[in-house]
Amino acid sequence: MSADSTPEPGIPGEAGTPDEPGTGGPGHRTTGRRRRPRARRRGLLIAAWTAAGVLVLGGSGLGYVYFKLNGNIKSVDIDQVLGTDRPKKADNGSENILVLGSDTRSGANRKLGGGSDDGSARSDTAMIIHVYEGHKKASVVSIPRDTLIDRPECTDAQGGTHDAATGVMFNSAYTTGGAACAVKTVEAISGVRMDHYLEVDFSGFEKLIDELGGVDVTTTEDIKDPESHLDLKAGTHTLDGEQALGLVRTRHGVGDGSDLGRIQLQQAFIKALVNQVKDVGLFTSGKKLYDLADTATKAVTTDSGLGSLNSLMSFANGLKGISADNMHMVTMPVRYDPANANRVLVEKAKAQQVWTALQNDLPIPKSATEGNATGEAAGVVSSS
């Protein structure tokens, strides 16, 4: 089978792929050159956090507007599901937020994502946002969805229990047990307590970018990927929602075609997005503010601690002082699996440096980010 005809591996239930999320793990060993898997990438979840930051500008207290926006927000009581067997909360003023992308194929997402509506959702974008004491800077740690991990036993929001599994892809946690299982898996991997949870689907991401008026980026090379419906010449562009979604989904024709390369594009887009938000003109346009707030609150699912407009606005207010220049973005240290070129393995010693830094509210050391698998797409996209 040629590289181009090879189905994307390890996404449970997707056409042409194994149904078991762990088929790329131990016991299923493949060899050969690194393939360029076919992919349908999800929206960038950090957009939910960034867009939520502007909600604080609209805290007028108007009854109808408040209750309308408040009623848009969906939440999951993760603390109740997970109980007390978790890493303890930090007492240094820092916060950790798990930001996930959900790619259910139902509703508006069916047109954007392609594939069949099999009733499941997946999390192909995952980031830990660590907000340092003082809330003036943050570190963002991306977790590759293709990472082989040991998933703990977990309970979903409906009370169903799911057995632990060894050597499965990271994104199988959300597919298996939803938000609570994803949070528990991240905490098991890192030993870091997740204080909050934010999720947005790729339909919501596209609408958020359109409401923001697009995002300006510069590309250093042509990017053309029929799978993500993206066709950009090298140069400066104002991306609308569909183009932005295509950019953060693409992996063909950029870098080594891996999920890691896509993460590098996503991280560059985040910085462009953060830079853009402060120049949108929200202070002078009440309708624009309302439309953005309406779209953002419909797009996000949060933990119960952020499940009201007041809580979300207060949280967003605490983040608005963080500029793109004060965001340090890294990928969890990994290496390619020598037995399966489409999977990555955690570089445990270096990853522990990352987790220890977050636990102690310290900068991530440079030594943790050197010599890891990268995806080879750094510098392809930047802020205009």
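All values below were derived from every heavy atom in this structure, side-chain atoms included, with hydrogens, water molecules and symmetry-related copies excluded. Numbers for residues simply follow the sequence, beginning at 1.
In this structure, the separation between CG on N72 and CG on L312 is 11.0 Å, given to the nearest 0.5 Å. Atom OG1 of T331 is separated from atom CD1 of I143 by 10.5 Å, given to the nearest 0.5 angstrom. Within the model, atoms CE of M169 and CD1 of I149 stand 10.0 Å from one another, a figure rounded to the nearest 0.5 Å. Taking OG1 from T185 and CE from M194, the interatomic distance works out to 11.5 Å, rounded to the nearest 0.5 Å.
Counting heavy atoms from C-beta on, the side chains of F170 and V186 come closer than 4.5 Å. Residues R193 and K88 form no side-chain contact, since every pair of their non-hydrogen atoms from C-beta on lies 4.5 Å or further apart. By the 4.5 Å heavy-atom criterion applied to side chains, Q266 and T125 are counted as neighbours. Looking at heavy atoms from C-beta onward, V334 lies out of side-chain contact with L345 at the 4.5 angstrom threshold. Using a 4.5 Å heavy-atom threshold, the side chains of H130 and S94 count as touching. Under the 4.5 Å side-chain criterion, counting only non-hydrogen atoms from C-beta, V217 is in contact with L239.
Atom NZ of K74 has more than 12 neighbouring heavy atoms from other residues, nucleotides or ligands inside a 6.0 Å radius. Enclosure of atom CG in D91 is not indicated, since only 12 or fewer non-hydrogen atoms of other residues, nucleotides or ligands lie within 6.0 angstrom. Heavy-atom contacts from other residues, nucleotides or ligands closer than 6.0 Å to CD of E221 number more than 12.
Legend: residues meeting salt bridge (Lys or Arg N to Asp or Glu O under 4.0 Å) with D79, ordered by chain and number and at least two apart, are R86. Remark: K137 pairs with no residue by the side-chain hydrogen bond (donor to acceptor under 3.5 Å, both in side chains) rule, at least two apart or across chains. Residues forming a side-chain contact (heavy atoms from CB on, under 4.5 Å) with D150 (at least two apart in sequence, or on another chain): T166.
A donor-acceptor pair is defined here as one N or O able to donate and one able to accept, closer than 3.5 Å; no such pair exists between the side chain of R151 and the backbone of A173. Looking at S304, its side chain never comes within 3.5 Å of a backbone N or O of G307 through a donor-acceptor pair. Without hydrogens or angle criteria, T147 side chain to P144 main chain gives a donor-acceptor distance under 3.5 Å. Side-chain atoms of K271 come within 3.5 Å of backbone N or O of M327 as a donor-acceptor pair. Proximity of a side-chain donor or acceptor of H328 to a complementary backbone N or O of S139 within less than 3.5 Å is not detected.
Just one of T250, V254, D231 meets the side-chain contact (heavy atoms from CB on, under 4.5 Å) condition when paired with K224; it is D231. Screening D256, N342, D146 for a side chain to side chain donor-acceptor pair (under 3.5 Å) involving Y336 leaves a single residue, D256.
Every pair tested for ring pair (Phe, Tyr, Trp, His ring centres under 6.0 Å) that includes a residue from residues 353-373 fails, sequence neighbours excluded, so the list is empty. Sorted by first and then second residue, the disulfide bond (SG atoms under 2.5 Å apart) pairs involving residues 142-172 (not counting sequence neighbours) are C154-C181.
When all heavy atoms are compared, the tightest approach of I73 to L306 is CG2-O, 4.3 Å.
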Got a list of side-chain donor-acceptor pairs under 3.5 Å for residues 371-379, not counting sequence neighbours?
from	atom 1	to	atom 2	distance (Å)
N372	OD1	K350	NZ	3.4
N372	ND2	A368	O	2.9
T374	OG1	E376	N	3.2

Can R249 and H229 be said to form a side-chain contact (heavy atoms from CB on, under 4.5 Å), step by step? CA-CA 9 Å; R249 291 171 60 204; H229 313 294; 4.1 Å; yes
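Clustering ILVMFWY residues whenever any of their side-chain heavy atoms sit less than 4.5 angstrom apart, transitively, puts F67 in the very cluster that holds M313.
A donor atom on one side chain and an acceptor atom on the other are found under 3.5 Å apart for S142 and Q267.
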